[in-house]
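Structure first, then comments.
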Amino acid sequence: MKVYFCGSIRGGRDDVHVYRKIIQKLQNYGAVLTEHVSSPELTDRGEGAAAGDRAIHDRDMDWLGQSDLIVAEVTQPSLGVGYELGRAVDMKKRVLCLFRPSSGRSLSAMIRGADDGKLFVVRDYSEEEVENVLEEFFNTLKRT
């Protein structure tokens, strides 16, 4: 299984430690195509001029197309993550969005309102329970 993980890069890197924890758990279920999102060396300036915005976009859209499902940590608002989720929906990909209410933020109605319980699922969670939330999600996948 190929998993595309979405997390904020240029929108802010405060949650990189959470991304690492999520990606480590996701690697139990398959290849994470976007593992670099959890790198502490990656700053909110992105991957740098060497990669170029067009190359990053095209590479990520290719990975999104290859993926079997998308897991997005959506607590830190990010235009890029929103764009990726919109494209994933258009591609009819299965999506799990993870949001931490303890952040004090409110999740966009465009994300929470897209939850249909099947292809697009939004789960509130705490950092301590993220591994169990992922396990439950993947166990549900096995039954469908």
Side-chain angles (χ1 to χ4, degrees), residues 1-89 91 93-142:
M1 175 179 294
K2 293 181 182 177
V3 180
Y4 188 100
F5 175 77
C6 305
S8 175
I9 296 176
R10 292 184 186 175
R13 300 292 290 156
D14 294 342
D15 291 340
V16 71
H17 67 285
V18 178
Y19 303 164
R20 182 84 233 133
K21 191 175 194 177
I22 293 169
I23 286 174
Q24 286 173 339
K25 183 68 174 180
L26 290 175
Q27 288 170 330
N28 294 327
Y29 301 103
V32 180
L33 302 177
T34 53
E35 150 176 34
H36 67 284
V37 174
S38 71
S39 171
E41 285 81 42
L42 187 58
T43 70
D44 62 3
R45 294 174 89 30
E47 293 178 56
D53 289 347
R54 170 71 64 185
I56 292 168
H57 172 273
D58 293 350
R59 177 201 65 200
D60 288 4
M61 289 303 99
D62 181 52
W63 285 342
L64 193 63
Q66 289 179 43
S67 68
D68 298 301
L69 80 110
I70 289 77
V71 175
E73 211 301 335
V74 295
T75 305
Q76 173 68 50
S78 166
L79 292 171
V81 171
Y83 177 81
E84 290 166 325
L85 292 173
R87 295 295 299 264
V89 167
M91 294 177 192
K93 300 283 184 176
R94 188 166 211 145
V95 175
L96 170 63
C97 292
L98 300 169
F99 178 75
R100 290 187 329 279
S102 63
S103 68
R105 295 185 174 104
S106 295
L107 181 59
S108 167
M110 296 305 291
I111 302 300
R112 193 169 298 281
D115 187 339
D116 63 10
K118 290 184 192 174
L119 274 183
F120 197 101
V121 175
V122 178
R123 283 291 313 269
D124 289 348
Y125 77 102
S126 68
E127 193 174 332
E128 299 76 34
E129 67 181 350
V130 69
E131 292 172 344
N132 290 335
V133 169
L134 290 168
E135 198 168 306
E136 179 184 300
F137 177 76
F138 280 92
N139 286 339
T140 301
L141 284 181
K142 291 177 188 174

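Computed from a predicted structure; not experimentally measured. The figures here come from the full heavy-atom set of this structure, side chains too, leaving out hydrogens, waters and symmetry mates.
- Once rounded to the nearest 0.5 Å, the distance linking CZ of Arg10 with CG of Leu42 reads 9.5 Å.
- Between the side chain of Arg123 and the backbone N or O of Leu96 there is no donor-acceptor pair closer than 3.5 Å.
- You'll find the side chain of Leu69 reaches within 4.5 Å of the side chain of Leu141, heavy atoms only.
- When side chains are defined from C-beta on, Gln66 does not count as touching Met61, because their heavy atoms never get closer than 4.5 Å.
- No side-chain heavy atom of Leu107 sits under 4.5 Å from any side-chain heavy atom of Arg105.
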Just do the side chain to side chain contact (heavy atoms under 4.5 Å, CB included) check on Glu136 and Glu131 with the steps written out, would you? CA-CA 9 Å; Glu136 179 184 300; Glu131 292 172 344; over 6 Å; no
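- Remark: Thr34 pairs with Tyr4, Phe5, Val32, His36, Val37, Trp63 by the side chain to side chain contact (heavy atoms under 4.5 Å, CB included) rule, at least two apart or across chains.
- Remark: Ser106 engages no residue in a side-chain hydrogen bond (donor to acceptor under 3.5 Å, both in side chains) (not counting sequence neighbours).
- With sequence neighbours excluded, no residue forms a ring-ring contact (aromatic ring centres under 6.0 Å, His included) with Phe120.
- Taking CG of Leu85 as the reference point, atom SG of Cys97 lies at 4.5 Å (rounded to 0.5 Å).
- Between the CE atom of Met110 and the OG atom of Ser108 there is a distance of 6.5 Å, given to the nearest 0.5 Å.
- Closest non-hydrogen pair, Pro77 versus Ser8, comes out as O-OG, 4.2 Å.
- Taking the ring-ring contact (aromatic ring centres under 6.0 Å, His included) definition, one finds that Tyr29 meets it with Phe138, sequence neighbours left out.
- Contact of the Asp53 side chain with the His57 side chain is not registered, since no non-hydrogen atoms from C-beta on lie closer than 4.5 Å.
- To the nearest 0.5 Å, atom CD of residue Glu47 and atom OG of residue Ser39 are 10.0 Å apart.
- Contact detail for Val95 and Ala88: the closest heavy-atom pair is CG2-CB, 4.0 Å.
- For the 3.5 Å distance criterion, the side chains of Arg13 and Gln76 fail to qualify, holding no donor opposite an acceptor.
- The salt bridge (Lys or Arg N to Asp or Glu O under 4.0 Å) check on Arg112 picks up Asp124, with sequence neighbours excluded.
- In summary, the side chains of Glu135 and Asn139 do not present any donor paired with an acceptor at a separation below 3.5 Å, with no hydrogens or angles considered.
- Summarising the geometry, atom NE2 belonging to His17 is positioned 9.5 Å from atom CD1 belonging to Ile22; distances are rounded to the nearest 0.5 Å.
- Using modelled atom types, no side-chain atom of Lys93 and backbone atom of Ile70 make a donor-acceptor pair closer than 3.5 Å.
- From Leu98, atom CG reaches atom OG of Ser126 across 11.5 Å, with rounding to the nearest 0.5 Å.
- Taking 4.0 Å as the cut-off between side-chain N and carboxylate O, Asp60 and Arg87 do not count as a salt-bridged pair.
- Glu35 and Gln27 make their closest contact through OE2-NE2, 3.2 Å (heavy atoms, listed as atom of the first residue, atom of the second, distance).
- Shown here are the side chain to side chain contact (heavy atoms under 4.5 Å, CB included) partners of Thr43, two or more places apart in sequence or in another chain: Arg45.
- A distance-only check finds no donor-acceptor pair linking the side chain of Lys25 to the backbone of Val130 [under 3.5 Å].
- With contacts defined as side-chain heavy-atom distances shorter than 4.5 Å, the pair Val18/Arg100 qualifies.
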